[in-house]
Number of protein chains: 2
Amino acid sequence: MRHDAATQRQSDRRTDILDAAERCFARSGFHRASMQDICGEAGMSPGNLYRYFPSKEALIAGICERNRADAVASFAMVDSAPDFFTGLAGLARHHLVDRTEAEVGLCAEIMAESRRNPEVAKLYLGIENDIRDRIAAMLKLAADRGEIRNDVDLDAAASVLMALGDGMSWRRSVDPEFQPETALPLILKMVHCLLAKSDDCAAPATETSQ
Amino acid sequence: MRHDAATQRQSDRRTDILDAAERCFARSGFHRASMQDICGEAGMSPGNLYRYFPSKEALIAGICERNRADAVASFAMVDSAPDFFTGLAGLARHHLVDRTEAEVGLCAEIMAESRRNPEVAKLYLGIENDIRDRIAAMLKLAADRGEIRNDVDLDAAASVLMALGDGMSWRRSVDPEFQPETALPLILKMVHCLLAKSDDCAAPATETSQ
DNA sequence: CTAATGAGAATGAACGTTCACTCTGATATC
DNA sequence: GATATCAGAGTGAACGTTCATTCTCATTAG
């Protein structure tokens, strides 16, 4: 089809623009990054950029959606983990340590923007609910398998895990002195204590530290 | 002295303005609240407001400082608590449940702003370090008293506690469905597991829930 | 030729801030 | 006691800037 080439080209252009916008947004935040900045970064004039995205809001929404896709993808590793706590540790490491400064910053930007912008809020809560569901499913599966205790409110636990992750991620983006590597083992131990069967509650105290 | 009356009056006016600004900021955020809004809320013309504060930045900084004072004050209750875990529970309840929507929102606004505004960042990190130090002191005291185990990195634990608090607070401000009351007992239990001496690790499992 | 692609100047609204001015009440002068 | 003088609280229209968005016109591809 002749269409394909043009459509593909359009899609590529959109991706280029989103890439440029992402760089600008991570650097300066949604508000301080002007369309002129983004145009400069994308090597494109404003008039032309507006042929691909109808507004700055649309750019922000586009960035959020890409972020959503990435976040959901990061759950793939969980399915291939041998047991619940190993999967959780991998997820935590990916979320808290492996992500670049820019990724963490962009994520914080989205969180902050969701407080102001209803459009972004809807997208953001969509992501969050999606992730919570996945975590809850993880917990459910682990409970069925007998890997964790079964007298805990799983939905509440999922919320707590998310709040924990958000808090750490946020702190990392705000406090340059914060060291995720130091905190991670403590967190894992804490969660282990909360969820593990009482038998092996005190077992793995400092296996990851030092 | 004749000065006193005038000085007092000036100070009162500044407080009035900060109150108005706080209401506007909590409602619309730092960026979306215009100086006109604040002037309206304060019942005052722009020209006059600028006689008391040199810029919008100065208003924001003023709000942050007041917030700092409040946060520090909330640690008073800890000193009067019978033991560590009781004090921590009170602190957590105050921080996560008792605070109004507006207070939580304003706090989130400050956190977000600190990512953009170096002035606010300095103030915010000042607050945070102050609080971390207090938490670390709490932990140290509890460790000395033998209330908690002594093989934990106390500074790291303080960071984790703060991240936990921030994460919960943030979530409350962003997700209307989030219920702090449900999550609180889980969190307390988790922290108890992390810090309590292994003997009574599994002891208070669901004492607060149900 | 015409339709898509692109550039970049122009537009208009929003906003923080300023400025020239008024109003009020106290103090000093006669 | 009445009047002139003055400080400073308060006003609100206007200014300059920033920024998202649009308009006009050139270039290129089919």
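Naming convention: chains lettered A, B, ... in sequence-line order (proteins, then strands); numbering from 1 in each chain.
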May I ask you to verify if any side-chain N or O of B:Ser45 is less than 4.0 angstrom from the OP1 or OP2 atom of D:dT11?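 Answer is yes, contact under 4.0 Å.
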Look at A:Arg13 and C:dT5 and indicate whether a side-chain polar atom (N or O) is within less than 4.0 Å of OP1 or OP2.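 False: A:Arg13 side-chain N/O out of range (4.0 Å or more) of C:dT5 OP1/OP2.
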When the side chains of residues 61-71 of chain A are checked against the rest of the protein, which donor-acceptor pairs come out under 3.5 Å, sequence neighbours left out?
unit_1	atom_1	unit_2	atom_2	d
A:Arg66	NH1	A:Asp19	OD1	3.0
A:Arg66	NH2	A:Asp19	OD1	3.0
A:Arg66	NH2	A:Glu22	OE1	2.7
A:Arg68	NH2	A:Asp130	OD2	3.4

Taking only residues two or more places apart in sequence or in another chain, which ones pass salt bridge (charged side-chain N to carboxylate O under 4.0 Å, His left out) with A:Glu181?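 A:Glu181 satisfies salt bridge (charged side-chain N to carboxylate O under 4.0 Å, His left out) with no other residue.
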Residues that B:Asp79 engages under salt bridge (charged side-chain N to carboxylate O under 4.0 Å, His left out), provided they are two or more places apart: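 Residues passing salt bridge (charged side-chain N to carboxylate O under 4.0 Å, His left out) with B:Asp79: none at all.
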Could you check whether B:Tyr52 gets within reach of a base, just the sugar-phosphate, or nothing at all, counting any heavy atom under 4.0 Å?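 The residue B:Tyr52 makes sugar-phosphate contact but no base contact.
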Distance to the ring centre below 6.0 angstrom and angle to the axis at most 45 degrees; does that hold for B:Arg145 and B:Phe84?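 No.
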Which residues pass the side-chain hydrogen bond (donor to acceptor under 3.5 Å, both in side chains) test with A:Ser169, sequence neighbours left out?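 side-chain hydrogen bond (donor to acceptor under 3.5 Å, both in side chains) list for A:Ser169, sorted by chain: A:Arg99.
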Taking only nitrogen or oxygen atoms into account, show me every contact under 3.5 Å that the protein makes with nucleotides 15-17 of chain D, one pair per line with its distance.
none

If only atom types and distance count, is the side chain of A:Asp175 paired as donor or acceptor with the main-chain N or O of A:Arg171 below 3.5 Å?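 No, because the side chain of A:Asp175 does not come within donor-acceptor range (under 3.5 Å) of the backbone of A:Arg171.
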Got a sec: does the CZ of A:Arg132 have more than 12 other heavy atoms crowding it under 6.0 Å?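 Counting neighbours around CZ of A:Arg132, more than 12 heavy atoms of other residues, nucleotides or ligands fall under 6.0 Å, so yes.
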For nucleotides 19-30 of chain D, read 5' to 3', which letter fits each nucleotide if B means a protein heavy atom sits under 4.0 Å from the base, S means only the sugar-phosphate is that close, and - means neither? -SBBB-------
Check the orientation of A:Phe85 and A:His192. Use parallel for under 30°, tilted for 30 to 60°, and perpendicular for over 60°.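 A:Phe85 vs A:His192 ring planes: tilted.
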